Amino acid sequence: MDDLARQLTTLCSAAFAALGLDSGHGAVRRSDRAGNGDFQCNGAMPAARSAGRPPRDLAEAVAAHVRTHAPPDLLASVEVAGPGFINLVPTHGALAGRAAAIAADPRAGAGLASQPLRVVIDYAGPNVAKPMHVGHLRSTIIGDSLKRMLRFAGHTVWGDAHFGDWGYQMGLLIVAVADEQPHLPYFDDAHQGPFPDTPPVTLADLERLYPVYSARGKSEEGLRERARRATRALQDGRPGHRALWRHFVAVSRTALEREFANLGVTFDFWKGESDADPLIAGMVADLEARGLLVDDAGARVVFVHDRMVPKKDGSEGPDVPPLLVVSSEGSAMYGTTDLATILDRVRSLAPDLMLYCVDQRQADHFEQVFRAADRAGYFARAGLEHIGFGTMNGKDGKPFKTREGGVLKLADLIDMVRERARTKLDEAGMAADLPQAERATIAHRVGIAALKFADLQNFRGTSYVFDLDRFLAFEGKTGPYLLYAAVRIRSILRKAAEAGHAAGPPVIAHEAERALVLALDGFSRALMAACDQRAPHIMAEHAYGLASAFSGFYAACPILPEPDAAVREGRLTLATATLAQLERALDLLGIDVPDRM
RNA sequence: GGCCCCGUAGCUCAACUGGAUAGAGCAUCCGCCUUCUAAGCGGACGGUUGCAGGUUCGAGCCCUGCCGGGGUCGCCA
């Protein structure tokens, strides 16, 4: 069943069509201001010109048509206001009917996408040997939320972690281990295998070695050269390097999966950059054969610019720089693997859409890759989207650092949030009578909800300030507020079950009941808009609005103490429907609700 | 300098893609617990949407030019 806005859109569209005008003018939306009716249609004003009549007259004609053709008991009023706004107010009965439909709907009132697509989402992007830090958080939770929403909307969606397991950093690590343990068989040219099953390094070793060698590589040409050669040897398939590399990957992945589990995030694929490697030689040959690959300053590039523009030194340069495909060392670059990954996905999944949930700072890079893919005929530019987002900043407005100036590890951040949530819980005396294990679960969920909701409520494109005190301040527009709203409903439903209260058809009379049903009705549109715009904050906003509407209802309309059985039973249904939709909306944001708080 | 993003209440952010009197949360102030979890509810205060033009019935949103902030500009990813 359509939501109310769609039902009313159908009516208004028919009215415009009956007047010989484009039915598209019949779009109906929620009014953004109270006092102007619950819904409005603004189509009369733009339609007035083509109709050649005053907008106000046209609006009156549409309104009259709607009044006579609307199903009985749907609309309480249809009125024209201002220059030609049409304000529509549904009846209490219509809202009661809509509430009943949502309550009975396993999808909690959400519609499905009109055209199901096959979608790949590339997010998180963890790397071998590098612990995840706060920079990975946004990609992970935004990408995960998009995956959940698109899938719920009816699309076929694959989430790919896009594991950073290839390239120069692997060469650095191989050199690092070679320096520390030169006797290992991995470095013996004559040894072709087999190699030991036990990893020669722990995750701690990798995390210790990588930053040291990465820093040294920046200043020491000799080391850089060795690392490049090791990278090349790895990519060429030297057995010892490959075997050692497989240990790096396995050790890292085990640790990373544990961290993602803490965030409640999973992937359909852990495709590494290495998986694209086998395609690179053929791709390069193909690009070359078709004249797209050009020698430039010792490297080989694909030009993707539209035009030439002046540069600061007075010469001219392309408005978009070329994509570097083969380095002067003959190595694959990250643009190379990204391009090959597109080919890989096209061949294995045949998607309609590929979304890249990556830091906004890489916008130029993706523009290059996408244009190259388009020009090479691998995948149309329109199906490639960079879902960029801003950085998580400290209170000084700069990208978040620890007090010591270092990068904060994601695992430490999660520990910190969980600890703070636990402290808050203790201070507030919440859940005091519950067993330790459940209190730990609650603290974890509250902490993760605080973190995720604080992030997802912002439009992803902008940066935001990381302020744990604010996220975990359990007042206002926060994750804990949403959990609290859901938990209170659970509590009511538990008690209703104990008391043997049944639920019945919703009865809408109170203003707070109207507001709650209107909020419930907005779920479908929120889902569609959030999917279309790849914008989880629209769903976050809906969840908050729903929780807020319920809190108002909760305060104004007692449920269990209500003496009138029909009213109580109807309110119980509203509460049940609200809980189902709120839990669903939170699930779409990747947030789990505890049973009690 | 080229390309891209952002300037909205004291602070953090929205605004359904051009609609009416620009909305929330925090902070401040005033009311609500002998009623289902007060981490709550109701109310007040708070704005020349960076500035100046333009497009039209109508602009926070589109166009132009300034001002201010950020990102990025081939062999790391």
Side-chain angles (χ1 to χ4, degrees), chain A residues 5 29-33 35-36 40 42 45-46 48-49 54-55 81-85 87 125 127 164 166-169 172 214 217-218 228 273 296-299 301 309-314 317-324 326-329 331 333-335 337-338 359-365 367-368 388 390-391 397-398 424-425 428 430 446 454 457-459 461-465 467 470 473-478 480-481 483-485 487-489 491-496 522 525-526 528-529 532-533 537-538 541 544-545 548 551-552 554-556 558-562 575 596-597:
Chain A
R29 41 173 277 194
R30 281 295 300 281
S31 297
D32 42 25
R33 266 195 78 83
N36 291 330
Q40 60 179 324
N42 303 330
M45 290 168 287
R49 188 175 305 166
F85 297 102
N87 294 330
N127 294 297
W166 212 233
Y168 173 72
Q169 67 209 18
L172 267 180
S214 179
K218 280 170 190 157
R228 280 188 191 141
E273 292 169 334
D296 192 62
V301 303
V309 291
K311 296 199 302 188
K312 64 180 164 190
D313 62 9
D319 61 343
V320 177
L323 180 73
L324 188 65
V326 184
S327 78
S328 50
E329 309 292 320
S331 297
M333 308 300 295
Y334 76 131
T337 43
D338 282 345
D359 195 317
Q360 191 64 44
R361 287 179 290 196
Q362 294 195 37
D364 289 350
H365 166 69
E367 187 59 32
Q368 292 170 274
T391 53
K398 294 177 185 163
K424 287 270 188 179
L425 217 62
M430 301 284 290
V446 168
Q457 71 166 306
N458 299 311
F459 174 66
T462 55
S463 296
Y464 72 106
V465 175
D467 180 350
R470 191 159 55 80
F474 294 162
E475 292 91 33
K477 198 170 184 177
T478 64
Y481 171 87
L483 298 188
Y484 180 65
V487 163
R488 287 203 297 188
I489 304 177
S491 174
I492 291 170
L493 297 182
R494 248 191 325 262
K495 289 183 174 169
R525 199 210 72 86
M528 295 309 141
D532 289 349
Q533 296 172 45
H537 84 280
I538 294 175
E541 189 68 27
Y544 177 75
S548 180
S551 293
Y554 179 90
I559 300 170
L560 301 178
E562 172 58 44
R596 285 172 290 216
M597 293 172 65

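In this text, all values refer to a predicted model and were calculated from it rather than measured experimentally. The sequence lines fix the lettering, A, B, ..., with proteins before strands; numbering per chain opens at 1.
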Contacts of type side chain to side chain contact (heavy atoms under 4.5 Å, CB included), residue [X], not counting sequence neighbours:
{"X": "A/Gln169", "answer": "A/Asn127, A/Lys130, A/Tyr210"}
{"X": "A/Asn87", "answer": "A/Asn36, A/Gln40, A/Ala81, A/Phe85"}
{"X": "A/Thr478", "answer": "A/Pro480, A/Tyr481"}
{"X": "A/Ser491", "answer": "A/Arg494, A/Lys495"}

* **Contact nearer the 5' end of RNA chain B, comparing A/Thr337 with A/Tyr484** =>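 Nearer the 5' end of the strand: A/Tyr484.
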* Asked: Taking for each residue the nucleotide of RNA chain B with the nearest heavy atom, is it A/Asp532 or A/Phe459 whose nucleotide lies nearer the 5' end?
  ->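 Looking at RNA chain B, the more 5' nearest nucleotide goes with A/Phe459.
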* If you look at every strand shown and take non-hydrogen atoms under 4.0 Å, does A/Gln40 touch a base, only sugar-phosphate, or nothing? ->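 Base contact.
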* By salt bridge (charged side-chain N to carboxylate O under 4.0 Å, His left out), which residues pair with A/Asp319, not counting sequence neighbours? ->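 Partners of A/Asp319 under the salt bridge (charged side-chain N to carboxylate O under 4.0 Å, His left out) test: A/Arg307.
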* Asked: Residues in salt bridge (charged side-chain N to carboxylate O under 4.0 Å, His left out) with A/Glu329, at least two apart?
  ->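 Partners of A/Glu329 by the salt bridge (charged side-chain N to carboxylate O under 4.0 Å, His left out) criterion, ordered by chain and then number, come out as A/Arg228.
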Under-4.0 Å side-chain N/O to phosphate OP1/OP2 contact, [X] with [N]:
{"X": "A/Tyr554", "N": "B/A38", "value": "yes"}
{"X": "A/His365", "N": "B/C73", "value": "no"}
{"X": "A/Ser491", "N": "B/U37", "value": "yes"}
{"X": "A/Tyr464", "N": "B/A14", "value": "no"}
{"X": "A/Arg361", "N": "B/C5", "value": "no"}

* Structure fact -> Protein heavy-atom contacts under 4.0 Å, written 5' to 3' over nucleotides 21-31 of chain B as B (base), S (sugar-phosphate only) or - (none), form the string B-SSSS-----
* Within a strict 4.5 Å, meaning less than it, do heavy atoms of the A/Pro321 and A/Asp364 side chains meet? ->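 They are not in side-chain contact.
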Mind checking the [atom1] distance from [N] to [M]? Whole angstroms is fine.
{"N": "B/A22", "M": "B/G60", "atom1": "P", "value": "9 Å"}
{"N": "B/A27", "M": "B/U35", "atom1": "P", "value": "26 Å"}
{"N": "B/G7", "M": "B/A52", "atom1": "C1'", "value": "16 Å"}
{"N": "B/G23", "M": "B/C61", "atom1": "C1'", "value": "15 Å"}
{"N": "B/G46", "M": "B/U28", "atom1": "C1'", "value": "10 Å"}
{"N": "B/G2", "M": "B/U12", "atom1": "P", "value": "30 Å"}
{"N": "B/C29", "M": "B/G69", "atom1": "P", "value": "35 Å"}
{"N": "B/G54", "M": "B/G10", "atom1": "C1'", "value": "33 Å"}

So, using side-chain hydrogen bond (donor to acceptor under 3.5 Å, both in side chains) as the criterion, who are the partners of [X] when residues are at least two apart?
{"X": "A/Gln360", "result": "none"}
{"X": "A/Lys477", "result": "A/Glu541"}
{"X": "A/His537", "result": "none"}

* To do: Report the nucleotide, chosen from B/A77, B/C75, B/C13, that has the shortest atom-to-atom distance to any side-chain atom of A/Tyr168.
  =>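 In terms of side-chain proximity for A/Tyr168, the closest of B/A77, B/C75, B/C13 is B/A77.
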* Nucleotide of B/U37, B/A20, B/A77 approaching A/Met430 most closely (side-chain heavy atoms) ->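 The answer is B/U37, which lies nearest to the side chain.
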* Taking N and O atoms by type only, does the side chain of A/Ser551 place a donor or acceptor under 3.5 Å from a partner on the base of B/C41? ->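 There is none.
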* **Donor/acceptor link under 3.5 angstrom from A/Asn87 side chain onto base of B/A20** =>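 Yes.
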* RNA chain B in dot-bracket, Watson-Crick or G-U pairs under 3.5 Å, [ ] crossing, | other strand? -> (((((((..((((.....[...)))).(((((.......))))).....(((((..]....))))))))))))....
* Whole Å only: how far is the CG atom of A/Asn458 from the P atom of B/C6? ->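 For the pair A/Asn458 CG and B/C6 P, the rounded distance is 14 Å.
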* Asked: Minimum heavy-atom separation for A/Pro54 to A/Ala48, with atom names?
  ->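 Taking A/Pro54 first and A/Ala48 second, the nearest heavy atoms are C-CB, 4.3 Å.
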Expected rows: protein N/O vs nucleotides 54-59 of chain B N/O, under 3.5 Å:
from	atom 1	to	atom 2	distance (Å)
B/U56	O3'	A/Arg49	NH2	3.4
B/C57	OP1	A/Arg49	NH2	3.0

